[in-house]
Amino acid sequence: MLTLVVGLLYLVSGRTVRSQEATGSRFVCNAIPPGAEPGCGYGPTGNRVQSSSPVEDELRNTIIQLRETILQQKETIVSQQGTIKELNSKLARCEAAADESPQGKSRGQGSRRKEYGKNTMGDLPRDPGETIDQLGKTMQSLKGRLENLEQQSLRLPSTNVSAGGVSALTPLPLELRELLRQRLGALETQLLRKVADLEEEKSQLYNDTAAHRQRTESALNSLLERITELEKNNNAFKSPEDFKVSLPLRTNYLYGRIKKSLPEMYAFTVCMWLKSGASPGIGTPFSYGVPGQANEIVLIEWGNNPIELLVNDKVAQLPLSVSDGRWHHICITWTTRDGFWEAYQDGERLGTGDNLAPWHPIKPGGVIILGQEQDIVGGRFDATQAFVGELSQFNMWDRVLRPVDIMGLANCSAYMPGNVVPWIDANVEVFGGASKTALEICEDRAFDS
């Protein structure tokens, strides 16, 4: 009996094994919670079975990364929308400034504004009114383009449904984001450049206007001073140069003074008309003294000595004779190169020499005295060295004049005032009883001859 039961059990277990080998699988039925999706694996306790497949892990990580990318894209779009709004506000302010510009323009100017408006990125017109109108149109165009970009950017986020039924945002392509950023940057740069150009043009216009006003005022002031001077001079003389200085006595208090001083010079020519019959010696027609050297330039005839030229207190005797009581034209030239000098009387060169204070520059900032020799700058005169007679047309140049120029001055065929010291009434002061009287030197000289 026991043997029969064992045999039956063996027979049943063998069939079960063969049935499993034939099908290759088995089915296990478990209860699922109410409302759960069919087909999803749940354990015997009703909990969902967690899969540890590598493929599922990779998909899960990809979904997480996509969601993070979508959030970053959202932040980028929000930032770009803020930039667009900021640009729109700037454009609105510029448009408000443009709307306040004068509106009463002629049709011709309106047509020109239309022509300028064809190229919103072109150069600004030169007229300030047209510039503001052109800037307004340019800003309108930029605003329209920015609004289009803003609308496009608002339409960019779109939704799709994932395989699991979850809503997701489509990522913005990198190329489109970079293009949008470049376009916004370019538009803002162009706008700032237009505003800067307008400000620069306004500043340049203001500077030009101020400079022109200053030049005009300066010219008017100079003209007014010249008119006043001419009116003052016309009371006594026909022209500012037609006068003479008279020094009738040999004293230490009659003299004339040139208001202008000399610059540093390496050559000079001094010419004058003089008339003297004094003896012995005509005295000192003129002297130029500087601090530290009262005899920087002196022309003197003292006692029975011949006329002498002093440069830096160095002496050269000149072969001139002018003490006959008649008008004579004399010119003296000097150059620091080898101390070379020339002496002219009535247009003819009567003597030359060299080694007179060679390589010495004439010092600036001194005082020119007519009729006296200076022992200190501007004073301490000696009556025995005073000039007695009349002087006119004292002119000085910072170069050596040509003989033909000197001849033209002597025979009254040329008028050439000195470029350093010109002979005009306003430049000459008289003291101690010296006087200035009208004189047309060429007519008076012809009468004397």
Side-chain angles (χ1 to χ4, degrees), residues 94 97-106 108-109 112-113 116 123-136 193-245 256-265 268-271 288 290 362-370 378 392-399 414-431 436-440:
C94 293
D99 291 338
E100 293 175 359
S101 63
Q103 301 295 328
K105 301 295 182 179
S106 63
Q109 292 176 336
R112 286 196 297 272
R113 288 196 298 269
Y116 286 124
D123 293 334
L124 291 172
R126 296 303 301 171
D127 182 70
E130 295 180 357
T131 298
I132 295 175
D133 185 73
Q134 170 66 11
L135 181 60
R193 187 183 301 115
K194 290 293 182 181
V195 174
D197 290 343
L198 180 59
E199 292 296 333
E200 182 178 359
E201 183 176 356
K202 287 183 178 179
S203 176
Q204 182 66 31
L205 181 60
Y206 175 79
N207 293 336
D208 292 344
T209 303
H212 179 70
R213 186 188 306 113
Q214 184 176 3
R215 289 194 299 268
T216 302
E217 291 178 355
S218 177
L220 289 176
N221 290 334
S222 299
L223 182 60
L224 182 60
E225 291 177 0
R226 180 59 175 167
I227 292 173
T228 303
E229 179 181 336
L230 290 176
E231 289 176 348
K232 183 187 300 183
N233 293 333
N234 283 339
N235 294 331
F237 315 128
K238 290 183 178 180
S239 61
E241 70 275 2
D242 287 338
F243 71 98
K244 65 180 178 181
V245 172
R257 176 175 177 147
I258 304 296
K259 294 181 180 179
K260 295 190 64 175
S261 185
L262 301 181
E264 185 177 53
M265 299 188 300
F268 67 81
T269 298
V270 57
C271 296
Y288 173 65
V290 297
I362 302 300
K363 298 176 182 177
V367 177
I368 301 176
I369 298 293
L370 301 178
S392 184
Q393 298 295 321
F394 179 89
N395 290 282
M396 199 165 189
W397 298 262
D398 58 359
R399 65 183 187 277
Y415 173 69
M416 186 170 56
N419 69 327
V420 175
V421 178
W423 180 257
I424 58 175
D425 180 31
N427 280 349
V428 181
E429 298 176 303
V430 291
F431 301 91
K436 292 193 293 185
T437 56
L439 171 70
E440 295 184 8

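FYI, side chains are in, hydrogens and waters are out, and symmetry mates aren't considered; it's all heavy atoms of this structure.
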**OP:** Enter the distance from E200:CD to L205:CG here, rounded to the nearest 0.5 Å.
**Re:** 12.5 Å
Subject >> Euclidean distance, D425 CG relative to E241 CD, rounded to 0.5 Å >> reply: 10.5 Å
Original post:
With distance as the sole test, does N419 use its side chain to make a donor-acceptor pair with the main-chain N or O of D398 at under 3.5 Å?
Top reply: yes
Subject >> Beyond-backbone contact of T216 with H212, side-chain heavy atoms, under 4.5 angstrom >> reply: yes
**OP:** With rounding to the nearest 0.5 Å, note down the distance linking CE in M396 to CD1 in I368.
**Re:** 6.0 Å
Original post:
Just by distance, with hydrogens left out, do Q204 and D208 show a side-chain donor and acceptor under 3.5 Å apart?
Top reply: yes
Original post:
Looking at residues at least two apart in the chain, or sitting in another chain, which of them share a side-chain contact (heavy atoms from CB on, under 4.5 Å) with P364?
Top reply: E264
**OP:** State, to 0.1 Å, how close N395 and W423 come at their nearest heavy-atom pair, and which atoms those are.
**Re:** OD1-N, 3.0 Å
Original post:
Quick one: side-chain contact (heavy atoms from CB on, under 4.5 Å) partners of V367, sequence neighbours excluded?
Top reply: R257, I369, Q374, V377
**OP:** Looking only at non-hydrogen atoms, find the nearest pair between W397 and P417 and report the distance.
**Re:** NE1-O, 3.3 Å
Original post:
Quick check: are there more than 12 heavy atoms from other residues, nucleotides or ligands sitting under 6.0 Å from CD of E429?
Top reply: yes
**OP:** Report the distance from atom OH of Y288 to atom NZ of K363, rounding to the nearest 0.5 Å.
**Re:** 10.0 Å
**OP:** Check S261 against G366 and note the closest heavy-atom contact, atom names and distance.
**Re:** OG-O, 2.8 Å
Original post:
In Å and rounded to the nearest 0.5 Å, what is the OG1 to CE distance from T269 to M416?
Top reply: 8.5 Å
Subject >> Least distance between heavy atoms, K436 atom then V428 atom >> reply: NZ-O, 2.9 Å
**OP:** Return yes when atom OH of Y415 has more than 12 non-hydrogen atoms of other residues, nucleotides or ligands closer than 6.0 Å, and no otherwise.
**Re:** yes
Original post:
With side chains defined as the heavy atoms from C-beta onward, is the minimum distance between V245 and F394 less than 4.5 Å?
Top reply: no
Original post:
Under the side chain to side chain contact (heavy atoms under 4.5 Å, CB included) criterion, do F268 and V420 qualify, and how do the steps go?
Top reply: CA-CA 9 Å; F268 67 81; V420 175; over 6 Å; no
Original post:
Can you name the side-chain contact (heavy atoms from CB on, under 4.5 Å) partners of N427, sequence neighbours left out?
Top reply: K260, P422, I424
